[in-house]
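Worth knowing before you read on, the calculation uses all heavy atoms, side chains too, and leaves out hydrogens, waters and symmetry mates.
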Amino acid sequence: VQLQASGGGLVQAGGSLRLSCVASGSFFSRYNTAWFRQAPGKQRELVARITTGGSTYYPDSVKGRFTISRDNAGNTVFLQMNSLKPEDTADYYCAATPNILRALKSEYDYWGQGTLVTVSS
């Protein structure tokens, strides 16, 4: 599986962006997917997860502002980001794994390239 992320950009605080991650290959519906982010000098962190069954998870830092969704027919996972804050500035990465246990431990097998999100104050 190859993942291609897009949709990053510069936005003012309070604004919105939607990130997309398109997967190559077959059987995308069998992959648990997630979005991570990494800001300069900080560790990579999980911001959203969606399982093959459609269950979602968000950390408190983005809960209520970010929404992950997937379009299995289009081999795409989305991250809708609303009410953006300057602290959301980071490179955002999509990731996938067919193994639910690995997904729940944030251990992913396939990674896309980052897409930069910059939120100005």
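Under the 4.5 Å side-chain criterion, counting only non-hydrogen atoms from C-beta, Val117 is not in contact with Thr89.
Within a 6.0 Å radius of CZ in Arg30, no more than 12 heavy atoms belonging to other residues, nucleotides or ligands are found. More than 12 heavy atoms of other shown residues, nucleotides or ligands fall within 6.0 angstrom of atom CD in Glu87.
Tracing side-chain contacts under 4.5 Å through hydrophobic residues (I, L, V, M, F, W, Y), one reaches Tyr57 starting from Tyr93; they form part of the same cluster. When hydrophobic clusters are built by joining Ile, Leu, Val, Met, Phe, Trp and Tyr residues whose side-chain heavy atoms come closer than 4.5 Å, directly or via intermediates, Val47 is not grouped with Phe36. Linking Ile, Leu, Val, Met, Phe, Trp and Tyr residues whenever their side-chain heavy atoms come within less than 4.5 Å places Ile50 and Met81 in a single cluster. Grouping the Ile, Leu, Val, Met, Phe, Trp and Tyr side chains by contacts below 4.5 angstrom, directly or via other members, places Leu17 with Tyr58. Clustering ILVMFWY residues whenever any of their side-chain heavy atoms sit less than 4.5 angstrom apart, transitively, puts Leu3 in a cluster other than the one holding Trp35.
Aromatic ring orientation, Trp111 versus Tyr108: perpendicular (interplanar angle above 60°, classes split at 30° and 60°). Between Tyr92 and Phe66, the ring-plane angle classifies as tilted under the 30° and 60° cut-offs.
Annotation for Ser121 and Ala13: closest pair CA-CB, 4.4 Å, computed over non-hydrogen atoms. For the residue pair Leu46 and Ser106, the shortest heavy atom distance occurs at CD2-OG, 3.7 Å.
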Using the side-chain contact (heavy atoms from CB on, under 4.5 Å) rule, take Gln113 and Gln4 through it: C-alpha gap first, then chi angles, then the decisive distance, then the call.
-> CA-CA 6 Å; Gln113 88 295 352; Gln4 180 74 34; 3.2 Å; yes
May I have the step-by-step check of side-chain contact (heavy atoms from CB on, under 4.5 Å) for Ser69 and Gln80, ending in yes or no?
-> CA-CA 8 Å; Ser69 61; Gln80 179 66 43; over 6 Å; no
Trace of the side-chain contact (heavy atoms from CB on, under 4.5 Å) decision for Thr115 with Leu19 = CA-CA 8 Å; Thr115 185; Leu19 306 184; 4.1 Å; yes
Walk me through it: do Arg49 and Leu104 pass the test side-chain contact (heavy atoms from CB on, under 4.5 Å)?
-> CA-CA 9 Å; Arg49 177 181 67 222; Leu104 296 179; 3.7 Å; yes
Does the side chain to side chain donor-acceptor pair (under 3.5 Å) test come out yes or no for Thr51 and Asn32, once each step is laid out?
-> CA-CA 4 Å; Thr51 67; Asn32 306 283; 4.6 Å; no
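No donor-acceptor pair under 3.5 Å is formed between the side chain of Arg44 and the backbone N or O of Gln38. Panel note: side chain Asn75, backbone Gly25; a donor-acceptor pair is recorded below 3.5 Å.
Both cation-pi conditions hold for Arg70 and Phe28: the charged atom is under 6.0 angstrom from the six-membered ring centre and inside a 45 degree cone around its axis.
Looking at Asp88 and Lys85, no side-chain N of the basic residue comes within less than 4.0 Å of a carboxylate O on the acidic one, giving no salt bridge.
Checked by atom type, the side-chain pair Asp109/Thr97 shows a donor-acceptor distance below 3.5 Å.
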